[in-house]
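Keep in mind it's a predicted model, so treat the numbers as computed, not measured. Just so you know, residue 1 is the first one in the sequence shown, and it goes up from there.
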Amino acid sequence: MTHPRPHAPARPHTYGVVGAGRVGSVVAARLHAAGRSVVGISARSQASLLRARTLVPEVPVRTAADVAAACDVLVLAVPDDALVAVCEELSTVLRPGQVVVHTSGRHGLDALSAATRVGARAVALHPAMTFTGSAVDLGRGCAMGLTAADAERELAEDLAAVLGGTPVWIDDADRVRYHAALSHGANHLVTLVAQARDLLQGIGAGAEAATILRPLLEAALDNALDLGDAALTGPIARGDVTTVRAHVDALATEPSSTRDAYVAMAHATTERAAVDGRLDPATAAVLDAALDERPRVTGTVR
């Protein structure tokens with residue numbers, strides 16, 4: 001009688017990271033901290049080399065091709081515009097069954113087509129977080145925007161969990177809109193806050209800018225995430241046209257980028273307040289007109 005062979009345990013994966021930028025260096029550090037075998041990380045610039053040696057001194061710095069050839073799971077943590085070219089370049093050393101993961105928010109699986117052509121398995125994994133590339137990032141959790149075929153779902157979710165993230169599945173066709181949402185919310189928030197700080201510095205309150213803004217902005221962010229448009233307060237929500245007009249006049253001496261950002265966001269806020277029923281159509285129209293009026297300049301334009 002022939003007895004079936006016992007099922008052999010799966011061989012532990014080895015990992016490699018191409019790109020020691022702000023994301024790649026943190027990915028390598030988290031994998032290493034979780035006890036995963038990281039066989040190498042590549043670094044092209046001196047800044048990337050310093051990040052790699054600071055965050056994962058135990059992981060050897062190797063060429064991208066050597067990293068790709070040595071690992072079971074390859075993470076491509078490179079800029080969006082370079083991703084397709086890097087994958088194409090490394091396709092000569094990739095092998096069937098190898099898993100290739102990219103960390104781009106914008107790109108889906110098509111960006112890894114050079115890898116799938118040689119039989120590798122593709123996963124898109126985007127950490128929805130802003131990174132500094134330092135130890136500060138190691139304790140932060142975030143959502144992980146995942147896209148993968150059914151056969152790679154379990155592996156993708158495991159990788160997201162190892163990296164300290166919560167898996168969120170994004171359809172391949174929706175990744176650009178997903179990334180636009182994150183960029184609009186996070187990157188433009190930085191610009192708006194920096195502009196608000198500049199305005200406070202212009203009136204001599206620069207040293208206290210963070211003290212003034214932090215509690216206000218934290219409350220506004222929490223309320224917006226919890227309540228949506230219902231969290232809106234301020235002169236537009238009240239339909240206070242004279243205050244909005246005064247703002248536009250006061251901003252006439254500020255950099256045009258700040259003034260234009262205020263006007264554009266005020267128009268968008270007026271529209272959302274009108275759709276939400278906070279403003280009647282007539283008041284919304286008056287607000288829009290006030291925003292488009294030529295400001296009355298009382299000082300020297302900077």
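Considering SG of C87 and CG of L94, their distance stands at 6.5 Å, rounded to 0.5 Å. Put simply, NE2 on H188 and CE on M265 are 9.5 Å apart, with the number rounded to the nearest 0.5 Å. Annotation: the span from T243 atom OG1 to I236 atom CD1 amounts to 10.5 Å, rounded to 0.5 Å. Separation of atoms CG (L192) and CG (N187) is listed at 11.0 Å; rounding is to 0.5 Å. Here the CG atom belonging to L287 is positioned 5.0 Å from the OG1 atom belonging to T270, to the nearest 0.5 angstrom. Considering NE2 of H13 and SG of C71, their distance stands at 11.0 Å, rounded to 0.5 Å.
Side-chain contact between T103 and V75 is present, with at least one heavy-atom pair separated by less than 4.5 Å. Looking only at side-chain heavy atoms (C-beta outward), I170 and V168 come within less than 4.5 Å of each other. Using a 4.5 Å cut-off on side-chain heavy atoms (C-beta onward), L200 and E208 make no contact.
Counting non-hydrogen atoms of neighbouring residues, nucleotides and ligands closer than 6.0 angstrom, the CD atom of E58 exceeds 12 such neighbours. Atom CD of Q201 sits in a crowded spot, with more than 12 heavy atoms from other residues, nucleotides or ligands closer than 6.0 Å. Few gaps surround CD on E293; more than 12 heavy atoms of other groups in view lie less than 6.0 Å from it. Summarising the local packing, CZ of R214 is surrounded by 12 or fewer heavy atoms from other residues, nucleotides or ligands at distances under 6.0 Å.
F131 and V101 fall within the same hydrophobic cluster, defined by Ile, Leu, Val, Met, Phe, Trp and Tyr side-chain heavy atoms under 4.5 Å apart, directly or through other members. Connection of V162 to I41 is established within a shared hydrophobic cluster, with ILVMFWY side chains joined at heavy-atom distances below 4.5 Å, either directly or through further cluster members. Residue V26 is grouped with residue V61 when hydrophobic side chains (ILVMFWY) are merged at heavy-atom distances under 4.5 angstrom, including chains of intermediate members. Hydrophobic cluster membership differs between V73 and L112, with clusters built from Ile, Leu, Val, Met, Phe, Trp and Tyr side chains linked at under 4.5 angstrom. Hydrophobic clustering of Ile, Leu, Val, Met, Phe, Trp and Tyr side chains at less than 4.5 Å, counting indirect connections, keeps V118 apart from V99.
Across every non-hydrogen atom of P127 and M144, the tightest pair is CA-SD, 3.6 Å. The shortest non-hydrogen separation linking I212 to L216 is O-CB, 4.0 Å. Here the shortest heavy-atom pairing between A28 and V17 reads CB-CG2, 4.0 Å. The two residues L213 and R197 have their closest heavy-atom pair at CD1-CG, 3.7 Å. Nearest heavy atoms, D172 versus L109: OD1-N, 3.1 Å. Between G108 and H102 the shortest heavy-atom distance is O-NE2, 2.9 Å.
The only member of H247, H267, Q195 that meets side chain to side chain donor-acceptor pair (under 3.5 Å) when paired with Y262 is H247. None of R121, R36, R95 except one satisfies the salt bridge (charged side-chain N to carboxylate O under 4.0 Å, His left out) rule with D72; the exception is R95.
Judged by distance alone, with hydrogens and angles left aside, the side-chain atoms of D137 form a donor-acceptor pair with the main-chain N or O of G133 at under 3.5 Å. With hydrogens and angles ignored, the 3.5 Å screen pairs a side-chain donor or acceptor of S42 with a backbone N or O of G19. Of the possible donor and acceptor atoms, none in the side chain of H32 sits under 3.5 Å from a partner among the backbone N and O of V56. Listed for the E254 side chain is no donor-acceptor partner under 3.5 Å among the backbone atoms of L199. One N or O on the side chain of S25 and one on the backbone of G21 form a donor-acceptor pair closer than 3.5 Å. No donor-acceptor pair closer than 3.5 Å links the side chain of Q98 to the backbone N or O of G119. The closest donor-acceptor contact from the side chain of D280 to the backbone of A282 lies under 3.5 Å. Within the 3.5 Å criterion, the main-chain N or O of V39 finds a donor-acceptor partner in the side chain of R62. No donor-acceptor pair under 3.5 Å is formed between the side chain of S48 and the backbone N or O of R44.
Between R117 and S91, the side chains place no donor N or O within less than 3.5 Å of an acceptor N or O (distance only, hydrogens not considered). T258 and D260 are not linked by any side-chain donor-acceptor pair at a separation below 3.5 angstrom, with hydrogens and angles left out of the test. Side-chain contact of D66 with T63: a donor-acceptor pair under 3.5 Å is present, judged by distance alone. In this model, no donor atom of one side chain and acceptor atom of the other lie less than 3.5 Å apart for S113 and D110.
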### Query
Does the side-chain contact (heavy atoms from CB on, under 4.5 Å) test come out yes or no for L146 and L159, once each step is laid out?
CA-CA 10 Å; L146 301 179; L159 183 56; over 6 Å; no

### Message
Go through it in stages, so that I can follow the logic: the residues are V241 and R245, the test is side-chain contact (heavy atoms from CB on, under 4.5 Å), and I'd like the CA-CA distance, side-chain angles, deciding distance and then a yes or no.
### Response
CA-CA 6 Å; V241 178; R245 185 177 284 116; 3.8 Å; yes

### Message
Is there a side-chain contact (heavy atoms from CB on, under 4.5 Å) between L163 and V27? Walk through the geometry before answering.
### Response
CA-CA 7 Å; L163 295 176; V27 167; 4.0 Å; yes

#### Entry: L76/V100 under side-chain contact (heavy atoms from CB on, under 4.5 Å): CA gap, chis, key distance, verdict
CA-CA 7 Å; L76 302 181; V100 180; 3.9 Å; yes

### Message
Assess the residue pair R22 and T132 against the criterion (side-chain hydrogen bond (donor to acceptor under 3.5 Å, both in side chains)); give the C-alpha distance rounded to whole Å, side-chain angles, the decisive distance to 0.1 Å, and a yes or no.
### Response
CA-CA 6 Å; R22 294 184 179 189; T132 65; over 6 Å; no

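With respect to D229 and R272, a salt bridge is recorded, a charged nitrogen being found less than 4.0 Å from a carboxylate O. For D81 and R106, the salt-bridge test passes: some basic side-chain N is under 4.0 Å from an acidic carboxylate O.
Side-chain rings of Y178 and H126 approach one another, their centers coming within less than 6.0 Å.
When hydrophobic side chains of Ile, Leu, Val, Met, Phe, Trp and Tyr are connected at separations under 4.5 Å, V84 ends up as a singleton with no cluster partners.
Residues forming a side chain to side chain donor-acceptor pair (under 3.5 Å) with D222 (at least two apart in sequence, or on another chain): none.
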